[in-house]
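Here is the structure we will look at.
Letters go in sequence order (proteins before strands), and every chain restarts at 1.
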Amino acid sequence: MTRLSSYFLPTVKEAPADAEALSHKLLVRAGMVRQLASGLWTYLPAGWRVHRRVEQIVREEMDSIGGQEMLMPVVHPADLWRATGRYDIDELFKLQDRRGAELVLAMTHEESVTWHVARDIRSYRDLPQILYHFQVKERDEPRPRAGLLRTREFIMKDSYTFDRDAEGLDRAYELHVRAYDRICDRCRLEWYRVEADVGMMGGTGAHEYMAPCPAGENDVALSGAGYAANMEIASAEPQAVEGLPMPLDAPEPVDTPGATTIDAVSGLLGVPAGALIKAIPVVVDGGDPLLVVVRGDHRLNDFKLRNRLRAAFRPAREEELSEAFGTVAGYIGPVGARVRVMADEALRGLRGLVAGANEPDRHVRGVEPGRDFDPEWADVRAVEAGDRAPDGGEIRIEPAIEIGNIFKLGTRYSEPLGAAYLDDNGEERLIWMGSYGFGPARAMAAAVEQYADEQGISWPRAISPFDVELVGLGKRGEEAHDVAERLYGELCDSGLDIAYDDREASPGEKFADAELVGCPLRVTVGKRGLEAGELEAQVRRGRSTRPLPLDRAAEAAAELWRELP
RNA sequence: CGGGGCGUAGCUCAGCCUGGUUAGAGCGCCGCGUUUGGGACGCGGAGGUCGCCGGUUCAAAUCCGGCCGCCCCGACCA
């Protein structure tokens, strides 16, 4: 029962000056959310309705795979996070209580849920378990951005699975894949389940659920044929280099004064950028210098290199070049290098290449990896649009927002927190865990991004704050007013959620607001229609209108609504 | 953490460079009236510690310093 004349829906004509992302602008303009401080957002009534509808879809799907909803605190003892080595994470909010006891604000709940399981699960008979909750997460983000897309406080559904062994974890993971697929489908999002970086934590598998949209902060590599991966780990066959120079029997020096960049060398020698060997000197954590080489037209992918090295690294500093690498910037190359060399797979089999000569103003040409230097081969380049995906499709790259992730944790948390059980032989074994996050706010923002038009938001039916917006144009005492009032009652009785615009405002204002707020169906009751013996229905997506019969309007509206996306 | 920008009415902004009556506009808001199928109009009105602190000056929204807040790019992102 929602009459807009008495509902807190503060729509505004102008977007906040500092808003950039479409979802940020529209959610604010539509009176759904307001910012309290950087990265801290309030949900106003209509916005909260959307959030709750997404939550409910998630809840139903979690329950359907046997998930058990619970609730854990946001404030945790600091020692719990020290136990897993996560106390030093910069994003973790830290505080003290009045007695000086150290506390943290939870950024996720692996620690607490595992702590409980460690205490109350002892037998193989108690496993498996799927536990989940919807709870606020607190993260002291270095840079909140784009409205709801990256905030310091947000609600997440996080579930945790506990199994006897790796096979059990695989089954739990598969259940989540199915549940998450359905959640994304039911929210009517365009989405991809992409292979994800397992990160330094070294889990055994991870996927992210990505919703493509312009404001997304991740890049995903997609092939029309089904391949989908986060750019951080994406892998593909490179495009061939056109116009490679003739191979030589041996590398041959060539003067390249002042040519310190790929463009300069390629221009000077008249060869394509792909005929060059790009050398990237880095220092691996622990102090070892390493020369990474990729094709001249390719870029190094830091994530892939980090995963390959199983260690962090940083670019070498200027002064380290002469010292550790024995050469100068701009003329570094793998031929004759006195450090360990790692070459990207895209260089394998190429001949007639150009590389730095490891002396100023000089390169060498006719280089052949494998013949002229003997590198460690690795796939460490960033894939590019047009590359050939493993499934044969052509790679395209799109920005996307991560709305969910699923992760095989293994024993990462059960071990430090002592979550173990006795198996049927009476032997103690560690519990195998998985963790699975989903952000309703991000799903909500992604839906705005994916479906908005010039007029405003266009919610998918499943997550709209209201099913139908009823616009009454008549004034008290007029027939249109009475018909609208009666129809409001009938529509509510039909089981639909109705927003009834009974405000004293001009038709233009009401129409504009209805399209801004974005309910999937609008029904207008005005004098013009009544004279023709009908009402007007407008489908928000596409803004097409059609008449509704006056005598069975509520029924007809409900039928129409059921057909909407 | 590095780079850039902003802070004046509820919102979007002008004024600041070149200091000087009572700090402005549009939108929004309140009252009255006319309007009523695409943010309509007229008349009247309310609303501002010019982010905060300090300095310079006869005089500071305006010049200088410090602080705080917010946004964007990058780094970072269990």
Base partner of [N], which must satisfy Watson-Crick or wobble distances under 3.5 Å:
N: B:rG47; answer: none
N: B:rC32; answer: B:rG42
N: B:rA61; answer: none

When all nucleic acid strands are considered with a 4.0 Å heavy-atom cut-off, which category describes [X]: base, sugar-phosphate, or nothing?
X: A:S38; value: sugar-phosphate
X: A:A512; value: base
X: A:P144; value: sugar-phosphate
X: A:A514; value: nothing
X: A:G529; value: base
X: A:E217; value: nothing
X: A:D90; value: nothing
X: A:A15; value: sugar-phosphate
X: A:T524; value: base
X: A:R29; value: base

For the side chain of [X] and the base of [N], is some donor closer than 3.5 Å to an acceptor across the two?
X: A:E509; N: B:rG38; result: no
X: A:R522; N: B:rG38; result: yes
X: A:K475; N: B:rU36; result: yes

Phosphate OP1/OP2 of [N]: any [X] side-chain N/O under 4.0 Å:
X: A:Q35; N: B:rC71; value: yes
X: A:R143; N: B:rC73; value: yes
X: A:S506; N: B:rU35; value: no
X: A:K13; N: B:rU12; value: no

Problem - Rounded interatomic separation in angstrom, taking CZ from A:F407 and P from B:rA78 - result: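 Result: 9 Å.
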Exercise for the section: Find the distance A:E504:CD to B:rA40:P and express it as a whole number of Å. Expected result: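 In whole Å, B:rA40 P and A:E504 CD are 15 Å from each other.
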Exercise for the section: Quote, to the nearest angstrom, the C1' distance that separates B:rG38 from B:rG19. Expected result: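 These two C1' atoms come out 48 Å apart once rounded.
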Problem - Between A:Y500 and A:E485: side-chain donor-acceptor atoms closer than 3.5 Å - result: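 Present: a donor and an acceptor within the cut-off.
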Practice task
Please name the residue in the list A:R522, A:R540, A:K510 that meets the side chain to side chain donor-acceptor pair (under 3.5 Å) test with A:E515.
Solution key: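 The residue from A:R522, A:R540, A:K510 that satisfies side chain to side chain donor-acceptor pair (under 3.5 Å) with A:E515 turns out to be A:R522.
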Handout entry: Pairing of A:E469 and A:R503 as salt bridge, 4.0 angstrom limit
Key =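 No.
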Problem - Carboxylate-amine/guanidinium proximity below 4.0 Å for A:D158 and A:K137 - result: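 Salt bridge: yes.
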Handout entry: Minimum heavy-atom distance between A:T524 and A:L535, given as atom pair plus value
Key =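 Result for this residue pair: O-CB, 3.7 Å.
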Problem - Distance in Å, A:E111 CD paired with A:L417 CG, rounded so as to fall on 0.5 Å steps - result: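 That separation rounds to 6.5 Å.
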